[in-house]
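A quick write-up on the structure given underneath.
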Amino acid sequence: MPNAIYNVPYPVNEPVRSYAPNSAEKESLLETYKAMRNKTVDVPMYIGGKEVRTDNKKKISPPHDHQHVLGHFSYGEGKHVEQAIDAALAARKEWAALPWEQRAAIFLKAADLLEGPYRDRMNAATMLCQSKNAFQAEIDAACELIDFFRFNVAYMQQIYTDQPESNPGMWNRLEYRGLEGFVFAITPFNFTSICANLCAAPAMMGNVVVWKPAETQVYSAQIIMELFKEAGVPDGVINMITVDGPTAGDVVFKHPDFAGLHFTGSTGVFRHLWKEIGDNIANYKTYPRIVGETGGKDFIVAHKSSNAKQVATAISRGAFEFQGQKCSAASRAYLPSNIADEVLEAVVEDVKSFKIGSPKEFGNFINAVIDEKAFDKIAGYIDYVKGQSDAEILVGGTYDKSEGYFIHPTVVKTTNPKFKTMCEEIFGPVMTVYVYDAEKWEETLHLVDETSEYALTGAIFGTDRYAINQASVILENAAGNFYINDKPTGAVVGQQPFGGSRGSGTNDKAGSYLNLIRWCSPRTIKETFVPATDYRYPFLG
């Protein structure tokens with residue numbers, strides 16, 4: 001076997017395709033979208049490399065066309081969770097012992113496969129069943145996931161290269177082992193890239209994974225599993241199960257080999273899981289790693305020196321891209337009285353110009369929300385606003401689920417800075433605006449910091465550098481990803497490591513070495529070349 005210190009290919013961010021009119025890339029994606037829409041799928045679970053199907057089937061339908069049936073997926077039981085854990089543990093020893101460059105090669109291959117033959121399929125699946133337009137699918141399912149694979153390989157090398165100093169007569173080494181047990185990955189519907197990365201990041205570091213995707217994401221989850229298989233991920237290293245949450249939790253969190261949770265989802269669910277892990281802590285061989293990215297009530301705060309049109313564009317994009325179904329989406333804005341009317345006029349004009357409909361029509365900026373449950377929740381917030389005296393709807397406020405789960409982007413203006421929609425996470429296309437006295441900048445910043453339990457993303461706008469610095473200080477703990485003169489969405493792997501604290505998660509920064517290092521259990525090795533032969537120290541003389 002060759003002995004060498006390997007350097008991985010230097011990662012660069014994957015270029016985003018524009019899908020401009022009449023372009024070959026647009027035609028290719030549309031052709032794939034139509035073909036996949038007209039094909040019936042039967043999505044299995046993947047356990048130990050085997051496709052496992054059950055008689056209990058659940059329907060797969062596009063959110064924007066919920067009467068159309070794309071196929072079904074198999075719904076599992078507790079025994080399938082047990083089988084997945086057994087398969088993972090059976091694969092663990094050989095996978096953990098595989099030289100790191102062999103693991104790196106698998107995920108570099110996955111990146112190249114996704115860049116090429118898998119790109120249209122992954123994007124089309126995300127468009128079909130998560131109702132993302134082509135551009136939102138491209139930056140997520142293709143580019144961000146490719147970046148996760150390539151940059152994480154580089155971060156893995158960076159971690160392994162970090163070694164301790166050694167004094168004369170000894171050699172100190174640091175070995176980065178995988179965790180002793182299996183990692184449980186629970187993923188959301190809204191980002192295909194997150195779903196794959198929550199499995200791939202621990203696996204890359206030598207861990208084995210049991211993955212429970214969201215039911216509304218299983219269509220693209222199947223393609224992720226096919227991608228892993230073709231890239232060379234061995235059987236049992238990543239196992240995909242589709243079971244309900246309590247059933248999975250009852251097996252996973254009582255298992256002695258449970259070693260880590262990689263989670264993206266709601267704050268309430270994450271807190272419940274943390275408590276369940278705590279209740280079972282004495283049953284585990286090791287203390288599990290708990291990594292979570294949860295909710296957000298993300299803000300845009302404009303200073304009186306701001307450019308009104310820039311603020312308006314940040315609101316229109318930051319609040320309404322992908323129907324506001326991003327944990328980073330702006331959902332509350334604080335506008336100074338001197339430019340508020342100009343900003344709101346521009347936002348209303350933007351929203352009125354939005355086209356709404358199916359992702360297959362590339363002119364549609366807005367598509368459907370993910371399912372009926374989300375639709376009803378968001379509509380409930382809109383109806384609440386309509387009945388209040390201290391808030392008004394400036395634009396939007398309508399919804400229709402007869403064909404798809406469509407909610408018109410809605411802008412609410414309130415005179416109450418603690419209004420319900422200023423405080424609670426909605427996870428939909430609703431932006432609430434509060435107009436403050438332009439001379440009360442500092443007071444407003446404290447208001448922003450104290451209004452929400454979350455601390456994921458936030459943006460400030462202004463040209464006054466003293467004001468920008470003041471906001472950066474006062475809002476230090478209000479957002480894990482903080483933007484100056486930009487919308488609070490669109491973090492790029494390798495550029496803006498992503499994650500927040502407070503009620504928004506553990507802030508372990510996906511897209512950086514900080515996340516990967518959580519999936520290691522380091523071992524320090526000290527080797528002494530000529531050991532002592534006498535216990536006596538000089539001071540004893």
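By convention here, the first residue in the shown sequence is residue 1.
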Do the rings of Tyr434 and Tyr334 sit parallel, tilted or perpendicular, given the 30° and 60° boundaries? perpendicular
What's the shortest heavy-atom distance between Ala185 and Val209, and which atoms? CB-CG1, 4.0 Å
Looking at Lys326, Gln325, Gln130, which hits side-chain hydrogen bond (donor to acceptor under 3.5 Å, both in side chains) with Gln136? Lys326
Nearest 0.5 Å please: distance from the CG atom of Asn307 over to the OG1 atom of Thr463. 9.0 Å
Output yes when a side-chain donor or acceptor of His303 lies under 3.5 Å from a complementary backbone atom of Ala471, and no otherwise. no
Assign the ring pair Trp274 / Phe270 to parallel, tilted or perpendicular, where the plane angle (0 to 90°) is split at 30° and 60°. perpendicular
With sequence neighbours excluded, tell me which residues meet salt bridge (Lys or Arg N to Asp or Glu O under 4.0 Å) with Glu349. none
Using only atom types and a distance under 3.5 Å, with no angle test, would you say the side chain of Asp140 pairs donor to acceptor with the backbone of Phe191? no
Check: Gly397 main-chain N/O paired with Thr410 side-chain donor or acceptor under 3.5 Å: yes
Do Asn152 and Asn197 have side-chain N/O donor and acceptor atoms under 3.5 Å apart? yes
For the student: nearest non-hydrogen atoms of Asn507 and Gly499, plus distance: OD1-O, 2.7 Å
Let's go through Glu372 and Asp376 carefully: what are the C-alpha distance in whole Å and the side-chain angles of both, what is the deciding distance for side chain to side chain contact (heavy atoms under 4.5 Å, CB included) to 0.1 Å, and is it a yes or a no? CA-CA 6 Å; Glu372 188 170 23; Asp376 291 344; 3.7 Å; yes
Has the side chain of Arg332 got a donor or acceptor atom that lies under 3.5 Å from a matching backbone atom of Val448? yes
For residues Phe498 and Ala491, report the shortest heavy-atom separation together with the two atoms involved. CD1-CB, 3.7 Å
Looking only at heavy atoms, what is the nearest atom pair of Gly503 and Tyr454, with distance? O-CD2, 3.6 Å
Within this structure, what is the CG-OG distance for the pair Leu30 and Ser23, rounded to the nearest 0.5 Å? 9.0 Å
Step by step, would you call Tyr160 with Met205 a side chain to side chain contact (heavy atoms under 4.5 Å, CB included)? CA-CA 10 Å; Tyr160 290 164; Met205 303 305 292; 3.8 Å; yes
Using atom types as modelled and distance alone, determine if a side-chain donor or acceptor of Asp390 lies under 3.5 Å from a backbone N or O of Thr415. no
Side-chain contact, heavy-atom cut-off 4.5 Å: Gln388 with Thr414? no
Using side-chain heavy atoms (C-beta onward) and a distance below 4.5 Å, is Ile378 in contact with Gln323? no
Is it true that the side chains of Thr457 and Asp298 contain a donor and an acceptor less than 3.5 Å apart? yes
Asn190 meets the side chain to side chain contact (heavy atoms under 4.5 Å, CB included) criterion, sequence neighbours left out, with Pro188, Phe322, Phe427
Salt bridge (charged side-chain N to carboxylate O under 4.0 Å, His left out) assessment of Asp464 paired with Lys304: CA-CA 9 Å; Asp464 182 330; Lys304 65 182 180 180; over 6 Å; no
Under the 3.5 angstrom rule, does the side chain of Arg121 hit a backbone N or O of Leu114 as a donor-acceptor pair? no
Any chance the side chains of Ser328 and Thr489 put a donor and an acceptor closer than 3.5 Å? no
So do Gln67 and Ser402 actually touch side chain to side chain, heavy atoms under 4.5 Å? no
State the CD-CG distance between Gln496 and Asp486, to the nearest 0.5 angstrom. 8.0 Å
Which pair of non-hydrogen atoms, one from Arg150 and one from Glu14, has the smallest distance, and what is that distance? NH1-OE1, 3.3 Å
With a 4.5 Å cut-off on side-chain heavy atoms, are Trp519 and Val291 touching? yes
Tell me whether Ser131 contacts the main-chain N or O of Ala368 through its side chain, where contact means a donor paired with an acceptor under 3.5 Å. yes
Is any side-chain heavy atom of Ile224 closer than 4.5 Å to a side-chain heavy atom of Gln217? yes
So for atom CD, which belongs to Gln158, do other residues, nucleotides or ligands contribute more than 12 heavy atoms lying within a distance under 6.0 Å? yes
Does atom NZ of Lys386 have more than 12 heavy-atom neighbours, drawn from other residues, nucleotides or ligands, at distances under 6.0 Å? yes
So how far is it from Leu335 CG to Ile300 CD1, rounded to the nearest 0.5 Å? 8.5 Å
I need the minimum non-hydrogen distance between Phe461 and Ser306, along with the two atoms involved. O-OG, 2.8 Å
Charged N-O contact under 4.0 Å between Lys297 and Glu453: no
Between Met36 and Tyr219, does a side chain to side chain contact (heavy atoms under 4.5 Å, CB included) hold up when you go through it step by step? CA-CA 10 Å; Met36 292 176 68; Tyr219 196 69; 3.5 Å; yes
Asp350 and Ser316 side chains, donor-acceptor separation under 3.5 Å: yes
Just by modelled atom types, is the Phe362 backbone N or O under 3.5 Å from a matching donor or acceptor in the Asn133 side chain? no
For residues 382-416, which residue pairs qualify under ring pair (Phe, Tyr, Trp, His ring centres under 6.0 Å), counting only residues two or more places apart or in two chains? His66-Tyr405, Phe375-Tyr399, Tyr384-Phe419
Indicate yes or no: at least one non-hydrogen side-chain atom of Phe135 is less than 4.5 angstrom from one of Ile139. yes
Taking the side chain as every heavy atom from C-beta outward, state whether Thr267 and Arg502 have any atom pair closer than 4.5 Å. no
Within a 6.0 Å radius of atom NZ on Lys360, are there more than 12 heavy atoms belonging to other residues, nucleotides or ligands? no
Check for a donor-acceptor pair, side chain of Asp449 on one end and backbone N or O of Asn477 on the other, with a separation under 3.5 Å. no
Short side-chain donor-acceptor distance under 3.5 Å, Asp162 and Tyr513: no
SB check Glu215 Lys373 (cutoff 4.0 Å): no
Does atom NZ of Lys377 have more than 12 heavy-atom neighbours, drawn from other residues, nucleotides or ligands, at distances under 6.0 Å? yes
Counting N and O atoms only, with roles assigned by atom type, does the side chain of Asn485 sit under 3.5 Å from a partner on the main chain of Gly462, one being a donor and the other an acceptor? yes
Verdict with supporting geometry, Lys132 and Glu138, salt bridge (charged side-chain N to carboxylate O under 4.0 Å, His left out): CA-CA 9 Å; Lys132 287 197 173 189; Glu138 167 73 4; over 6 Å; no
Heavy-atom check, side chain of Phe263 versus side chain of Leu198, under 4.5 Å: no
Check the pair Lys418, Cys423 against side chain to side chain contact (heavy atoms under 4.5 Å, CB included), reporting the backbone distance first and the verdict last. CA-CA 6 Å; Lys418 296 297 179 72; Cys423 302; 4.3 Å; yes
Point-to-point distance, once rounded to the nearest 0.5 Å, from CG of Asp508 to CD1 of Ile517: 10.5 Å
Rounded to the nearest 0.5 Å, what separation is found between the CE atom of Met204 and the CG atom of Leu516? 6.5 Å
Are more than 12 heavy atoms, taken from residues, nucleotides or ligands other than Glu345, located less than 6.0 Å from that residue's CD atom? no
